[in-house]
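Heads up, the thing below is written out as structure tokens.
In what follows, chains carry the letters A, B, and so on, assigned in the order in which the sequence lines appear, proteins first and then strands, with residues in each chain numbered from 1. Note that the structure is a prediction, hence the values are computed from the model and not measured.
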Number of protein chains: 2
Amino acid sequence: MLATETVENYLKAIYLLQREAAADEAPMGKIAAALGVTAGTATSMVKKLVAAKLARHERFGGVRLTAKGTRAALDILRRHRLVETFLVDTLGLDWSVVHDEAERLEHAISPMVLDALDRHLGRPAFDPHGDPIPRADGALQESEAMPMSELGSGDAARLVRVLDQRGDSLRFLRASGLKVGATLRVVAIEPGAGVMRIRPDGGSIVSMSTTAAARVLVRPTRDRH
Amino acid sequence: MLATETVENYLKAIYLLQREAAADEAPMGKIAAALGVTAGTATSMVKKLVAAKLARHERFGGVRLTAKGTRAALDILRRHRLVETFLVDTLGLDWSVVHDEAERLEHAISPMVLDALDRHLGRPAFDPHGDPIPRADGALQESEAMPMSELGSGDAARLVRVLDQRGDSLRFLRASGLKVGATLRVVAIEPGAGVMRIRPDGGSIVSMSTTAAARVLVRPTRDRH
DNA sequence: ACCTAGAGTTTGAGTCGTCAAACTCATGCG
DNA sequence: CGCATGAGTTTGACGACTCAAACTCTAGGT
Ligand SMILES: [Mn+2]
Ligand SMILES: [Mn+2]
Ligand SMILES: [Mn+2]
Ligand SMILES: [Mn+2]
């Protein structure tokens with residue numbers, strides 16, 4: 001919209017890297033990797049963001065969005081996640097493919113179409129992966145959740161969000177019956193092997209690495225064993 | 001998809017200009033005007049299309065798409081018109097605004113999303129303006145229709161297509177009750193003034209210039225006067 | 001047959017986003 | 001401390017797309 005498609009992609013990437021970094025700063029290398037460009041390209045692009053007052057950056061330091069940059073990033077994130085929701089809920093596409101589609105469509109959605117889409121979908125608060133959808137005013141409520149890897153043996157929980165957008169991860173989870181909203185129970189943990197065994201309600205037991213499990217967020221349920 | 005977004009726009013513009021030109025050739029100046037670009041830019045871009053075997057062109061002559069270029073143009077046209085149909089039928093947007101929206105969205109629709117959209121819409125044959133939607137294999141059936149300007153006084157007809165995509169034209173037609181599928185009758189013609197008076201079924205009489213009426217296509221109905 | 005107005009082309013230059021490769025900085029290991 | 005290594009930056013170049021302005025061709029009217 002206001003910015004070019006490339007700028008929109010940088011803003012979104014920086015926003016997401018900033019959330020996940022401890023220092024609340026996006027490292028230049030990660031930005032470059034997220035966009036599939038060389039570090040030099042990312043450096044020069046960040047300079048333009050700084051010139052446009054969308055980001056702050058000092059030589060050899062991390063990148064941080066300004067309030068204006070954050071607002072723009074949230075707007076793009078809203079478009080991205082509403083499009084994903086549309087592709088799954090209305091068109092019936094699989095949640096493992098919609099991320100890449102939304103990556104392109106997000107740049108072509110005008111405010112008018114966005115609002116019509118939002119209305120058509122019933123103003124959803126979460127996308128198919130459980131990611132919160134920023135509201136039109138930029139408000140964003142993250143859902144309370146913990147990594148599935150932190151559950152103990154025997155614990156029951158509801159799956160509320162999947163952080164990994166990679167297609168093969170999502171296909172594995174869907175095939176295992178682990179979708180957003182599903183309830184599950186930890187049947188065993190093998191700390192030595194770094195593996196936990198999970199039984200989704202109404203499904204059969206699956207094993208996954210604790211690192212993979214850490215990218216799945218759950219909310220523990222009162223345990224009616 | 002295969003081509004860049006700019007190339008897609010050129011191909012679609014050339015295709016449409018070729019259809020409407022007597023010589024089945026798109027004049028360079030019209031191409032430039034359609035894309036909002038200088039004539040020099042269009043010339044150099046057409047050279048690239050020729051190099052890519054998408055078009056034929058000799059110096060100072062008109063531009064003609066190759067079979068490959070025509071196929072690509074039909075593919076873009078299909079995306080454009082399906083998107084327009086979606087915006088009107090599913091999202092409820094007005095037919096006067098969807099053209100510009102589709103102009104951007106058409107480039108971001110993958111084959112997978114396109115097919116899901118097509119299925120969701122019930123594989124429509126015509127878009128909201130009555131323009132035929134090319135099929136996935138490139139087949140395109142134009143509907144039989146004549147310009148409304150060629151009707152005689154007293155003639156009854158059904159409106160089947162609107163050629164002018166300009167927002168104000170479409171808003172005028174909608175406000176007058178002249179939408180695709182509506183039946184109407186010519187109540188008077190003023191050749192001197194270049195105006196004809198039309199009564200849409202269930203609406204009140206409106207005047208429009210014969211040049212405007214020439215851009216509205218109708219199919220005469222058996223006249224139960 | 002000419003000449004000119006309009007249409008089309010060429011040229012030179014600029015912007016945007018990108019890369020490769022040379023370079024600089026920060027730091028933690030020895 | 002000193003310096004090697006990895007992270008980040010700079011530079012020069014390029015492809016895609018565009019414009020302005022100079023130039024060239026074509027066709028229609030006299
Ligand atoms: Mn994107
Ligand atoms: Mn998502
Ligand atoms: Mn377009
Ligand atoms: Mn249309």
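B:G29 comes within 4.0 angstrom of the backbone, heavy atoms only, and of no base. Within 4.0 Å (heavy atoms only), B:G36 reaches sugar-phosphate atoms of the nucleic acid but no base atom. Residue B:K30 is out of contact with every strand shown, counting any heavy-atom pair closer than 4.0 Å. Counting any heavy atom pair closer than 4.0 Å across all strands shown, A:T41 reaches a base atom.
In this model, the phosphate group of C:dT18 is approached by a side-chain N or O of A:Y10 to a distance below 4.0 Å at OP1 or OP2. Note on B:K47: a side-chain N or O is less than 4.0 Å away from OP1 or OP2 of C:dT10. Between B:R59 and C:dT10 there is a side-chain polar atom (N or O) within less than 4.0 angstrom of OP1 or OP2. Between B:T4 and D:dA16 there is no side-chain polar atom (N or O) within less than 4.0 angstrom of OP1 or OP2. OP1 or OP2 of C:dC19 sits under 4.0 Å from a side-chain N or O of A:T38.
Using a 4.0 Å cut-off between a side-chain N of Lys or Arg and a carboxylate O of Asp or Glu, A:K12 and A:E103 qualify as a salt bridge.
Of the possible donor and acceptor atoms, none in the side chain of B:H107 sits under 3.5 Å from a partner among the backbone N and O of B:E8. For A:R219 (side chain) and A:E144 (main-chain N/O), a donor-acceptor pair under 3.5 Å exists by modelled atom type.
Between A:H129 and A:W95, the angle of the ring planes stays under 30°, which puts this pair in the parallel group of the 30/60° scheme.
Map A:F60 and A:M45 each onto its nearest nucleotide of DNA chain C; the residue landing nearer the 5' end is A:M45.
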